[in-house]
Every structure is written in C-alpha cells, then in structure tokens.
There are 2 protein chains.
Amino acid sequence: MDRRQRKTRKAIYDAFTGLLKKRPYARITVQDIIDAADVGRTTFYAHFETKDDLLTTLCAEIFDHVFSEDLRKEKTHDFSSEHNTGAMITHVLYHLQEHMEYLPGILSGQSDEIFMDSFKEHLRGLFSHAAAAVDSPVPRDYMMNHMVCDFAETVRWWTRHPSYSPEEISSFFLQTTPLLD
Amino acid sequence: MDRRQRKTRKAIYDAFTGLLKKRPYARITVQDIIDAADVGRTTFYAHFETKDDLLTTLCAEIFDHVFSEDLRKEKTHDFSSEHNTGAMITHVLYHLQEHMEYLPGILSGQSDEIFMDSFKEHLRGLFSHAAAAVDSPVPRDYMMNHMVCDFAETVRWWTRHPSYSPEEISSFFLQTTPLLD
DNA sequence: TTGATACCAAACACCATGTTCGGTGCGATT
DNA sequence: AATCGCACCGAACATGGTGTTTGGTATCAA
C-alpha cells in the first residue's frame, strides 16, 4: 500500500479517536474529522464511504485486536471450550482497557449500535459453549442474549467507572452471573 | 384544552405510532408524520419542538401507563417494598404488551436511548429495594445497573420474540437473575 | 359579533452529507 | 531523467432533512 495512503489513513484515525475523547460520535461531523486530520474532503470519501463506515472499520480493528487469536494461542488451550471463563473475560477486559479513553464516545450517543452489534456478535462466539452447557427450561436464545448483554452492559458500566481494574470488573460480572462455570 | 388541539395531537400520535409499526424511528421523517397525520408542518412544530420531543412525550405516556400508581393500588400493598417482585414484573410486562406493535420501531435503530434511558430510570425505582437488600462485595451501583439492564434487555428480546406470554418472560427473567427475592 | 388562537401552505435559511470537477504533486517504472 | 499513474487537493454543487417565518383562513368561546 502506498505510503501516502497509510499516512492519510492514520491521520484520519488519529483525528477521529482524538475527537471521540472530547465528544460523542453523534456530535462529530465529517467536517470536524477532515479539519482535525488536515485532509481534503474528497480524500476522506476516497478512504471511507461514510462516517458510519469509518466507525465500523475502527470497531473492526478494535475487535480484531481484542478477540485476536493470541487470546487463545497465548495460553495453551482454547478458552471457549474449557472452563476458564474467568481468565478469558479478564483477558478481553485488559485489551479493551487500551481503548478506554475513547470508548465512552462510541458507547454513549446513538452510535452504540454499531459498536454493540459487532461486540455482541463476537461475544456470542465466546459464550456459545457456556450457553450450550446450561440445562434449563429457558430458551437457549434467551440465555445467550442474557449472557451477552450482561457482559456488554458491564463494559458500558465500566466506561463510566474506569478506575476499576479488569480483575475487579471480571469479578463483579462473575458474581452477578453465576451461570458461567 | 381546545378541541382542535386534542384532535391534531391525536392525529399526530396515531400517525407516529402507525409509522413505527412499519419502520424504525430513525427512518421516519417529520414530513412522513405530517403527511400521515394530514396536518401542516407549522402545526407539528407548534405541538412538538422536535421529532425527538415527540418520541420523548410518547415514551412518557407509555411509562405513565406502565408504571401507573394502580400498579400498586390495585393490590393492597406496595410491590417494591415487599417481596412480590415476580408479580410486579409480570404486571409491568402485561402493560408493555399493549404497546408491543410499535415497540420494535422504538427499540431498534438509534432511538432506543430515548426509550431506554427513561425506562431504566423507572426500573431503578422499582428495583431499588431489592438491590439494597443484596449483601455483596459488588458495588451497589453495579448491582443496580445489572438488574435494570437485565430486565431492559429482556424486554428488548421479547420484542423480537413476541409470541411468549408475560408470565413466560417473567419466568425467564427470574430464572436467569436469581438475585431477586 | 368579536377577539383570540389554532390551523394552513409556501417559502425560506440552515446544516450536514456525499459527489463532481479540474488541477497539483508524489512515487514508482523504464 | 522522463513519464505514467494515482493519491491528493479545494471549490463548487446537488440532495435531503430540519426548524422558522409569513400572511392568510377557519374555528372556538365569550
């Protein structure tokens, strides 16, 4: 890829995350971004179809990182198939913490769906084994939704109380959701 | 209040809820509403400041109904202070069910915050006693958020699976949230 | 009957979005 | 070193939705 492309792409990303630290996604215009990134309007739209597309791409990069394969390879076993849910959760939280400064900008406002939908999709993958293991008259789909939303809302709460550590948050989650493990 | 005002107000409400049954809030324009209601643009803005204001007012009416005093007076005791959480929840679900046709239009898309924020506010009132009773190292605020989001997401799930009865939904909720009662 | 006020259509200013245009300069290939 | 391609640029534009203004009409209540 062209060096110029990489430069402007990075400039746009940096401008975007920088703005997200100051105000929520909904109150950021494309004009704000291209002003902050110091690129032309045409250039922005050459890289991203819309503002939502930019956010979607950013979210994809975050999740690519948070749910990266090394999450499983780092340790010697597959988290989701064995009963190490606690460690897995803490791991995910650690990775999420690196993006903590601008997560509130994505999670509040009307943009939360773009983030949340993708986030929950990934979480379904992580929790699928655990949900399948539960024997209950409650529909499996409800159970899945329960676990996933529970964790997603835990993360949202965390962004409002960022002083807690990943271990503490993980502990809160597991104590209020005794269905896992 | 003037008869004319009541008439146009009702026309706007009906048009709005009618449209919400067809497509989500985000894809409804003010023009759509005034066309469906057959009122002038000026008239709409004489009644509501913005489209969000209309939704906020609608939500307020829903909650005024769902969390009405007769919820407590109908029975001979205060739900929230005694341990009749199950009955209380079922009661709320029954009332919500009456608005089921257009709830998906409010809960999907980017409008869910207007509904959810107010909904959660009311739920906090209902759950405050229950949350206070729990003795746990988990912060009270986290606990509260957990219960409230749990129920709110249960309702959201219900709108996607509306064939279940209030009793069933209530049962699902209580089984996955053993913290109540 | 009269005064107030709710209503109306039409036009408007505004703002953000996404596109189109003609032109400039970097960067790689020969 | 010459050149071709393409990333970039600013400026202008079309689009679409919002909320306001204007001047006039119809209804209600006294």
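Keep in mind it's a predicted model, so treat the numbers as computed, not measured.
Under a 4.0 Å N-O distance rule, the pair A:Asp112/A:Arg156 qualifies as a salt bridge. Between B:Lys10 and B:Asp14 a salt bridge is recorded (basic side-chain N to carboxylate O distance below 4.0 Å).
We find that CG of B:Leu54 is positioned 15 Å from C1' of D:dG19, with the value rounded to whole Å. Rounded to a whole Å, the CG atom of B:Asp2 is 10 Å from the C1' atom of C:dC7. Atom CZ in A:Phe48 sits about 13 Å away from atom P in C:dG18, given to the nearest Å. Rounded to a whole Å, the CG atom of B:Leu55 is 14 Å from the P atom of D:dT18. Rounding to whole angstrom units, CZ of residue A:Phe44 and P of C:dA16 are separated by 15 Å. In this structure, B:Lys7 atom NZ and C:dT5 atom C1' are separated by 16 Å, rounded to whole Å. Following rounding to the nearest Å, A:Arg6 (CZ) and C:dC26 (P) show an atom-to-atom distance of 17 Å. Note: NZ (B:Lys51) to P (D:dG19) measures 9 Å, nearest angstrom.
The shortest distance between the side-chain N/O atoms of B:His47 and the OP1/OP2 oxygens of C:dA6 is not below 4.0 Å. Put simply, B:Tyr45 has a side-chain N or O that comes within less than 4.0 Å of OP1 or OP2 on D:dG19. Between B:Thr43 and C:dC8, a side-chain N or O to OP1/OP2 separation shorter than 4.0 Å is present.
Ring planes of A:Phe173 and A:Phe151: perpendicular class, angle over 60° (limits at 30 and 60°). Ring geometry, A:His91 versus A:His95: the interplanar angle falls from 30° to 60°, so the pair is classed tilted. Using bins of under 30°, 30° to 60° and over 60° for the plane-to-plane angle, the ring pair A:Phe44/A:Phe48 lands in the tilted bin.
In this structure, of C:dC8, C:dT5, C:dT19, it is C:dT19 that holds the atom nearest to the side chain of A:Arg41. Of the candidates D:dA7, D:dC28, D:dT18, D:dC28 carries the atom nearest the B:Arg3 side chain, counting heavy atoms from C-beta on. Residue B:Thr42 places its side chain closer to D:dT21 than to any other of D:dT21, D:dC8, D:dC28.
Counting distance only, with no hydrogens placed and no angle test, the side-chain atoms of B:Thr8 and the base atoms of C:dA6 include no donor-acceptor pair under 3.5 Å. On a pure distance criterion of 3.5 Å, no polar donor-acceptor pair joins the side chain of B:Thr50 and the base of D:dG19.
Aromatic ring centres of B:Tyr164 and B:Phe172: separated by under 6.0 Å.
Taken to the nearest 0.5 Å, the CG atom of A:Leu20 stands 10.5 Å off from the CG atom of A:Leu107.
Residues of residues 9-39 of chain B having a heavy atom closer than 4.0 Å to DNA chain D, listed by number: B:Thr29, B:Val30.
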